[in-house]
*Asks:* 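This is the structure, below, for whatever I ask next.
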Amino acid sequence: MAQSSFQGEYHFRRQEMVAAFNFSADGRFEFFYSYGAADRNATGTFTVEDDTLKLKSDKVAGNDFTIEAQSKEDSGYVITCHAPNKHLLPYMQCIVFVGDKTDVFEANNDGIIAINLPHCDKMYLKNAIFPDIPTLIKDENNANNRFSVTLQPSVQQVSFKGIDFKIIDENTISCFTNYFMHVADIAFIKN
């Protein structure tokens, strides 16, 4: 299917999960998604390669948190999260890598993540309500263990990094279960 002929609205609905794409002839797309407490959106460009639809969101993946301050103190790790919407604080999660081992630590109701480890190699943050590509907070070269971070409004957007769609026919596109749509048999049908 040629990119110029791939256009229109495609919808997905499963119980309380609703999502839709609008593809335009100029190679742009708009996306919306609603499920529970999460309303999300995206804009960007698309390309068609054989039977694969590739999306490139305007959102830059892995940038949903900004590090406001960091320092080296005492032992263990503490991440203090801030967000314009305080209800999102308990849903902050830190993915910690030590060698080939991975652990996930969750924030308390105030958005504080305490990690009682003497050392870790990498730390990434994400929000469980708005999952996307996690944001790198600490790499192997960073010796700091205290971080103050702020969740950015970009968290409501979807990056589509690592998510390609298969074009089934001119009326149907599908994708695998992914980091924000945790259901099987995802198929968007053209209106």
Side-chain angles (χ1 to χ4, degrees), residues 12 16-22 28-46 54-71 76-98 101-115 117 120-165 175-183 186:
F12 171 84
E16 68 270 8
M17 184 183 293
V18 178
F21 283 101
N22 184 18
R28 301 271 314 155
F29 77 87
E30 295 176 319
F31 172 78
F32 88 87
Y33 165 90
S34 182
Y35 179 62
D39 288 339
R40 307 191 73 180
N41 62 75
T43 58
T45 59
F46 71 92
K54 294 183 176 278
L55 304 176
K56 184 178 184 320
S57 178
D58 294 332
K59 174 184 179 172
V60 177
N63 285 329
D64 288 331
F65 292 85
T66 301
I67 301 172
E68 305 297 340
Q70 55 185 312
S71 61
Y77 294 85
V78 177
I79 303 168
T80 304
C81 302
H82 307 280
N85 181 346
K86 305 296 182 212
H87 298 293
L88 295 177
L89 293 176
Y91 300 97
M92 305 299 186
Q93 296 178 329
C94 183
I95 305 160
V96 175
F97 291 84
V98 179
K101 186 178 178 209
T102 304
D103 281 314
V104 177
F105 295 86
E106 299 192 0
N108 65 16
N109 287 336
D110 297 320
I112 297 173
I113 304 171
I115 302 167
L117 291 174
C120 73
D121 298 319
K122 292 183 183 178
M123 296 170 38
Y124 290 84
L125 284 180
K126 71 175 185 173
N127 184 276
I129 293 178
F130 299 102
D132 207 273
I133 302 300
T135 302
L136 178 65
I137 300 301
K138 177 204 170 319
D139 64 16
E140 300 91 340
N141 300 317
N142 187 339
N144 293 314
N145 64 352
R146 298 293 185 269
F147 299 88
S148 176
V149 301
T150 301
L151 183 65
Q152 298 302 306
S154 64
V155 74
Q156 287 190 279
Q157 299 169 345
V158 179
S159 71
F160 287 103
K161 184 171 182 175
I163 302 173
D164 288 336
F165 285 79
C175 69
F176 291 113
T177 300
N178 54 63
Y179 47 80
F180 78 96
M181 293 182 80
H182 300 284
V183 296
I186 301 170

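Quick note: numbers below take in every heavy atom, side chains included, and nothing from hydrogens, waters or symmetry partners. Residue numbers start at 1 and run along the sequence shown.
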*Asks:* Answer yes when Lys138 and Asp121 have at least one side-chain N-carboxylate O distance shorter than 4.0 Å, and no when they do not.
*Replies:*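 Salt bridge: no.
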*Asks:* Mind running side-chain contact (heavy atoms from CB on, under 4.5 Å) on Ser154 and Asn63 for me, showing each step along the way?
*Replies:* CA-CA 8 Å; Ser154 64; Asn63 285 329; 5.6 Å; no
*Asks:* Other residues, nucleotides and ligands only: do more than 12 of their heavy atoms fall within 6.0 Å of CZ on Phe32?
*Replies:*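 Result for CZ/Phe32: enclosed.
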*Asks:* Check for me whether the distance between the ring centres of Tyr33 and Phe12 falls short of 6.0 Å.
*Replies:*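 Judged by ring-centre distance (under 6.0 Å), Tyr33 and Phe12 do not meet the cut-off.
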*Asks:* For the residue pair Pro131 and Arg40, what are the closest heavy atoms and their distance?
*Replies:*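 Smallest heavy-atom distance, with atoms named: O-NH1, 2.8 Å.
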*Asks:* Applying the side-chain contact (heavy atoms from CB on, under 4.5 Å) criterion to Met92, which one of Asn108, Asn127, Ile129 satisfies it?
*Replies:*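 Going through Asn108, Asn127, Ile129 one by one, the side-chain contact (heavy atoms from CB on, under 4.5 Å) with Met92 is satisfied by Asn127 alone.
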*Asks:* Looking only at heavy atoms, what is the nearest atom pair of Ala83 and Leu151, with distance?
*Replies:*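 Minimum heavy-atom separation between Ala83 and Leu151: CB-CB, 4.0 Å.
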*Asks:* Does the Asp132 side chain pair with the main chain of Ser159, one donor and one acceptor, at a distance under 3.5 Å?
*Replies:*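 Between the backbone of Ser159 and the side chain of Asp132 there is a qualifying donor-acceptor contact (under 3.5 Å).
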*Asks:* Strictly under 6.0 Å, is that where the ring centroids of Phe130 and Phe65 end up?
*Replies:*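 Phe130 vs Phe65: aromatic centres not under 6.0 Å.
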*Asks:* Show the numbers, then the answer: is there a side-chain contact (heavy atoms from CB on, under 4.5 Å) between Val78 and Phe147?
*Replies:* CA-CA 6 Å; Val78 177; Phe147 299 88; over 6 Å; no
*Asks:* Mark yes or no: Arg146 above the aromatic ring of Tyr77, with NZ or CZ under 6.0 Å from the six-membered ring centre and no more than 45 degrees from the axis.
*Replies:*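 No cation-pi geometry.
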*Asks:* Could you state the interatomic distance from CE (Met181) to CZ (Phe176), rounded to the nearest 0.5 Å?
*Replies:*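 Rounded to the nearest 0.5 Å, the CE-CZ separation comes out at 14.0 Å.
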*Asks:* Tell me whether Asp139 contacts the main-chain N or O of Lys122 through its side chain, where contact means a donor paired with an acceptor under 3.5 Å.
*Replies:*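 No, Asp139 side chain to Lys122 backbone: no donor-acceptor pair under 3.5 Å.
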*Asks:* Test side-chain contact (heavy atoms from CB on, under 4.5 Å) on Val158 and Asn41 and set out the steps.
*Replies:* CA-CA 6 Å; Val158 179; Asn41 62 75; over 6 Å; no
*Asks:* Walk me through it: do Ile133 and Tyr179 pass the test side-chain contact (heavy atoms from CB on, under 4.5 Å)?
*Replies:* CA-CA 8 Å; Ile133 302 300; Tyr179 47 80; 3.9 Å; yes
*Asks:* Quick one: CG on Leu125 to SG on Cys81, what's the gap to the nearest 0.5 Å?
*Replies:*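 Reported value, rounded in 0.5 Å steps: 5.5 Å.
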*Asks:* Test Phe105 against every option in Ile95, Val96, Ile79 by the side-chain contact (heavy atoms from CB on, under 4.5 Å) rule and name the one that passes.
*Replies:*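 One option only clears the test, and that one is Val96.
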*Asks:* Closer than 3.5 angstrom, by distance alone: can the side chain of Lys54 be matched with the main-chain N or O of Asp164 as a donor-acceptor pair?
*Replies:*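 The answer is no, because no donor-acceptor pair under 3.5 Å joins these two groups.
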*Asks:* At what distance, to the nearest 0.5 angstrom, does CZ of Phe165 lie from CD1 of Ile186?
*Replies:*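 So the CZ of Phe165 and the CD1 of Ile186 are separated by 7.0 Å.
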*Asks:* Could you check whether any side-chain N or O of Thr150 sits under 3.5 Å from a backbone N or O of His82, counting only pairs where one atom can act as donor and the other as acceptor?
*Replies:*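 The answer is no, because no donor-acceptor pair under 3.5 Å joins these two groups.
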*Asks:* Taking the side chain from Lys56 and the backbone from Gly44, do they hold a donor-acceptor pair closer than 3.5 Å?
*Replies:*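 Checked: no pair found.
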*Asks:* Kindly compute the distance separating CG (Asp39) from OG (Ser34), expressed to the nearest 0.5 Å.
*Replies:*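 Spacing of CG (Asp39) from OG (Ser34) equals 4.0 Å.
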*Asks:* Assess the pair Phe46 and Phe29: is the distance between their ring centroids shorter than 6.0 Å?
*Replies:*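 Not close enough - the centres of the two rings lie 6.0 Å or further apart.
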*Asks:* With a 3.5 Å distance limit and no angle check, can you tell me whether Thr45 reaches the backbone of Arg28 through a side-chain donor-acceptor pair?
*Replies:*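 No, because the side chain of Thr45 does not come within donor-acceptor range (under 3.5 Å) of the backbone of Arg28.
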*Asks:* List the atom of Leu89, the atom of Asn109, and the distance in Å for their closest heavy-atom pair.
*Replies:*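 Looks like CB-O, 4.0 Å.
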*Asks:* In Å, rounded to the nearest 0.5 Å, how long is the span from SG of Cys120 to CD1 of Ile115?
*Replies:*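 Answer rounded to 0.5 Å: 6.5 Å.
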*Asks:* Can you tell me if Asp110 uses its side chain to pair, donor with acceptor, with the backbone of Ile112 under 3.5 Å?
*Replies:*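 Side chain of Asp110 to backbone of Ile112, a donor-acceptor pair under 3.5 Å: no, none is there.
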*Asks:* Flag yes if more than 12 heavy atoms outside Glu68 fall under 6.0 Å of its CD atom; otherwise flag no.
*Replies:*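 Enclosed: over 12 neighbouring heavy atoms sit under 6.0 Å from CD of Glu68.
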*Asks:* Testing the 3.5 Å rule here: is there a donor-acceptor pair between the side chains of Gln152 and Thr66?
*Replies:*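 Yes - a donor-acceptor pair under 3.5 Å links their side chains.
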*Asks:* Over 60° means perpendicular and under 30° means parallel, so tell me whether Phe21 and Phe31 are parallel, tilted or perpendicular.
*Replies:*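 It falls in the tilted class, 30° to 60°.
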*Asks:* Whether the side chain of Gln93 engages the backbone of Tyr91 through a donor-acceptor N/O pair (distance < 3.5 Å, no angle test) should be reported.
*Replies:*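 No, the answer is negative, given that no donor and acceptor are paired below the 3.5 Å cut-off.
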*Asks:* Could you tell me whether the side chains of Asp64 and Thr135 share a donor-acceptor contact shorter than 3.5 Å?
*Replies:*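 Absent: no donor and acceptor within the cut-off.
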*Asks:* Distance alone, cut at 3.5 Å: any donor-acceptor contact between the side chains of Gln70 and Asn145?
*Replies:*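 Judged by distance alone, the side chains do not pair up.
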